[in-house]
Visitor: 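First, the structure itself, so that you have it in front of you.
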Amino acid sequence: MYNMAVAIFNMIVDGEINVKNVQKFFDNLMIAAETLSKTHTIEPLKSLYEKYRDEVKELEELKGKDDIFYFSYLVHKVFDDYFNNGKLKGLLDEISKIKIDKKELLKKFEENVGEIKEDENLKFPVLWTFKTYDLLSLMKKFNSIQDREFEAEYMGLKVYVTIKPFEGEIGLYDPFVFFTKNRPRLGIRFGEIAIDPYEVRILQLYESREHFILPIVEKTCGKLTLKTKTALTITDPLKFKNTAYLTRALRYSHWTLRTSKLSLSEVINYLPFILNSVNKPKSFIKSVMDLHDRMEEEGVDLDYIKKEIETLGWYGIKLPNKPIRREDRGLNKLKELYDLSTKLEDPIVLLTHLLMTIIYVYKVNGYEYKQLFVR
């Protein structure tokens, strides 16, 4: 069930599908893949597995090597057969006619797992960090391949890889692996690639995936210099995600200010002018505060963020209690900041990063921050 849950979360549909009830279709699709994934002791799953197992017997060797990939490929096989009148379309048709509560069926799957201990199946993701040699050039190269598809081989199977920018983020990319060129098709999100001004971070569930993804990345961007390789123990995925987001926000803000020859205090003093350049400033400020509150509720590793702030030179510094309005002639110092935000292709995201940076630098240094945004 762990494999099924992770696979569902990471799947993507490419192309249009014409089915009456999308949710019911995908529920049945997952049950079909789970049926094919192992032997069963309950009916009708036992009979269905015996009837259709030969259609996927060549995939057996994938078990235990990359279980999420294996399960995702089973889902693809059923999906592809359904839309191309293959033999596994019959399995999906039979499952759709089963007179049983699908939630009850999923519960039975859990009961059928057996005596395997949870920690024996636990996989720890691996994080590789590489040196960022030229941020804007690197991002340009990544963005240039978002419409390209790379043919590759993984675990002995031909696959098709795309690397897409994550919408609403800067420097965050999703590698997707598809099992066919024909649409409609299913793909699986293959980890994450995050670029910030100081590091390229490749996160993968299995070490073998890094050796698969990295050559595709280096084919586009050139050889990367490895800094660290770490096996992660992620006990709280939301906390991990929020901390990673804040780390990127801090680094992009630091790089932008340093490149623009602005200090953090100067930007705080220019906040009224910066916020006036935004459409509906009050709504924008509220959206940033809502983001902060949501992340605080979900969890943030403040110790890690404090260390990052120390590394960037923003710990133990004196900060203004409120913006000090400047003369308009001083605003030419902001021009390069605006130019950089345009080069990064999403000025609003960068401004959000900047405001989140201000909030957490103030918090870590023991300052109040809400008065900075009162309008």
Visitor: Are Ile216 and Leu172 linked, directly or through other ILVMFWY residues, by side chains that come within less than 4.5 angstrom of each other?
Guide: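 Unlinked, Ile216 and Leu172 end up in two clusters.
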Visitor: Taking atom types as modelled, find out whether Asn321 and Tyr367 have a side-chain donor-acceptor pair closer than 3.5 angstrom.
Guide: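 No.
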Visitor: Is the ring pair Phe176/Phe178 parallel, tilted or perpendicular, if the boundaries are 30 and 60 degrees?
Guide: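 Rings of Phe176 and Phe178: tilted, as their planes differ by 30° to 60°.
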Visitor: Please confirm whether the ring centroid of Phe179 lies under 6.0 Å from the ring centroid of Tyr160.
Guide: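 Centroid distance Phe179-Tyr160: not below 6.0 Å, so no.
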Visitor: Using a strict 4.0 Å threshold on nitrogen-to-oxygen distance, state whether Lys343 and Asp339 make a salt bridge.
Guide: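 No, this pair does not count.
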Visitor: Would you check if the side chain of Glu345 reaches a backbone N or O of Thr342 as a donor-acceptor pair within less than 3.5 Å?
Guide: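 Flag not set: sc Glu345 to bb Thr342 has no pair under 3.5 Å.
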Visitor: Could you tell me the separation between the OH atom of Tyr304 and the CG atom of Leu302, rounded to the nearest 0.5 Å?
Guide: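 Answer for the OH-CG pair, Tyr304 versus Leu302, is 13.5 Å.
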Visitor: Answer yes or no: are there more than 12 heavy-atom neighbours, outside Gln371 itself, under 6.0 Å from its atom CD?
Guide: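 It does: Gln371 CD has more than 12 such atoms within range.
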Visitor: In terms of relative ring orientation, are Tyr49 and His40 parallel, tilted or perpendicular, with 30° and 60° separating the classes?
Guide: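 Tyr49 and His40: perpendicular rings.
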Visitor: The test is side-chain contact (heavy atoms from CB on, under 4.5 Å); show your working for Leu319 and Ile358 and say whether it passes.
Guide: CA-CA 10 Å; Leu319 296 163; Ile358 291 170; over 6 Å; no
Visitor: Could you tell me whether Lys77 and Glu55 make a salt bridge, using a distance below 4.0 angstrom between a side-chain N and a carboxylate O?
Guide: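 The answer is no: the pair does not qualify as a salt bridge.
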Visitor: One thing to verify: whether Arg294 and Asp290 come together as a salt bridge, which I'm taking to mean a side-chain N less than 4.0 angstrom from a carboxylate O.
Guide: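 Here Asp290 does not pair with Arg294 in a salt bridge, since their nearest N and O are not under 4.0 Å apart.
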Visitor: Apply side-chain contact (heavy atoms from CB on, under 4.5 Å) to Tyr82 and Leu88, showing your working.
Guide: CA-CA 7 Å; Tyr82 179 82; Leu88 291 177; over 6 Å; no
Visitor: Would a single hydrophobic cluster contain both Met11 and Leu36, if residues Ile, Leu, Val, Met, Phe, Trp and Tyr are joined by side-chain heavy-atom contacts under 4.5 Å?
Guide: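 Yes, because Leu36 and Met11 connect within a single hydrophobic cluster, where side-chain heavy atoms sit under 4.5 Å apart.
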Visitor: Below 4.0 angstrom, N of the basic side chain to O of the carboxylate: do Asp81 and Lys89 qualify?
Guide: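 Lys89 and Asp81: not salt-bridged.
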Visitor: Nearest 0.5 Å, what's the CD1-CG distance between Ile359 and Leu372?
Guide: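 Here the rounded value is 9.0 Å.
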Visitor: Whether the side chain of Thr230 engages the backbone of Leu232 through a donor-acceptor N/O pair (distance < 3.5 Å, no angle test) should be reported.
Guide: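 No, because the side chain of Thr230 does not come within donor-acceptor range (under 3.5 Å) of the backbone of Leu232.
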Visitor: In the single-linkage hydrophobic clustering (I, L, V, M, F, W, Y; side-chain heavy atoms under 4.5 Å), do Tyr315 and Tyr369 co-cluster?
Guide: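 Yes, Tyr315 connects to Tyr369 through the hydrophobic network.
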Visitor: Tell me if a side-chain donor or acceptor on Ser72 pairs with a main-chain N or O of Ile188 at a distance below 3.5 Å.
Guide: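 No, Ser72 side chain to Ile188 backbone: no donor-acceptor pair under 3.5 Å.
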Visitor: Just checking Phe190 against Tyr154, ring centres under 6.0 Å apart?
Guide: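 Centroid separation for Phe190 and Tyr154: below 6.0 Å.
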Visitor: Please determine whether a side-chain nitrogen of the Lys or Arg among Lys181 and Glu151 lies less than 4.0 Å from a carboxylate oxygen of the Asp or Glu.
Guide: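 Result for this pair is no, no salt bridge flagged.
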Visitor: I need the Lys24 NZ to Ser96 OG distance, nearest 0.5 Å.
Guide: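 Separation between the atoms: 9.0 Å.
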Visitor: Taking it one step at a time, do Lys241 and Glu298 satisfy salt bridge (Lys or Arg N to Asp or Glu O under 4.0 Å)?
Guide: CA-CA 10 Å; Lys241 179 182 176 183; Glu298 293 174 349; over 6 Å; no
Visitor: I'd like to know if Arg185 pairs up with Asp14 as an ion pair, taking the criterion as any Lys NZ or Arg NE/NH1/NH2 lying under 4.0 Å from an Asp or Glu carboxylate oxygen.
Guide: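 Answer for the salt bridge query: yes.
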Visitor: Strictly below 4.0 Å, N to O, side chains only: are Arg251 and Glu199 in salt-bridge contact?
Guide: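 Yes, this pair counts.
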Visitor: Charged N to carboxylate O below 4.0 Å: is that the case for Lys51 and Glu94?
Guide: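 Result for this pair is yes, salt bridge flagged.
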Visitor: Taking the six-membered ring of Tyr338 (Phe, Tyr or Trp), confirm whether the NZ or CZ of Lys335 is under 6.0 Å from its centre and within 45° of its axis.
Guide: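 Because its charged atom misses either the 6.0 Å distance or the 45° angle limit, Lys335 does not stack over Tyr338.
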Visitor: Could you check whether any side-chain N or O of Thr132 sits under 3.5 Å from a backbone N or O of Leu135, counting only pairs where one atom can act as donor and the other as acceptor?
Guide: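 No; zero donor-acceptor contacts below 3.5 Å.
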Visitor: With a 4.0 Å cut-off, would you call Glu16 and Arg183 a salt bridge?
Guide: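 No.
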Visitor: Counting only heavy atoms not in Glu297, do more than 12 sit closer than 6.0 Å to its CD atom?
Guide: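 Not buried by this count: 12 neighbours or fewer within 6.0 Å.
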Visitor: Run the ring-centre check on Tyr73 versus His76 and record whether the distance is less than 6.0 Å.
Guide: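 That pair passes the under 6.0 Å test.
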Visitor: Hey, what do you get for CG (Leu257) to CG (Leu264), rounding to the nearest 0.5 Å?
Guide: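 So the gap between those two atoms works out to 6.5 Å.
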Visitor: Do Lys164 and Glu167 meet the salt-bridge criterion of a basic N to acidic O distance under 4.0 Å?
Guide: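 No.
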Visitor: If you measure from CD on Glu308 to NE2 on His254, what distance do you get to the nearest 0.5 Å?
Guide: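 Answer for the CD-NE2 pair, Glu308 versus His254, is 9.5 Å.
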Visitor: To the nearest 0.5 Å, what is the distance between CG (Asp174) and CD1 (Ile193)?
Guide: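 Here the rounded value is 8.5 Å.
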Visitor: For the residue pair Gln146 and Tyr173, confirm or rule out a side-chain donor-acceptor distance under 3.5 Å.
Guide: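 Side-chain D/A pair, Gln146 to Tyr173: absent.
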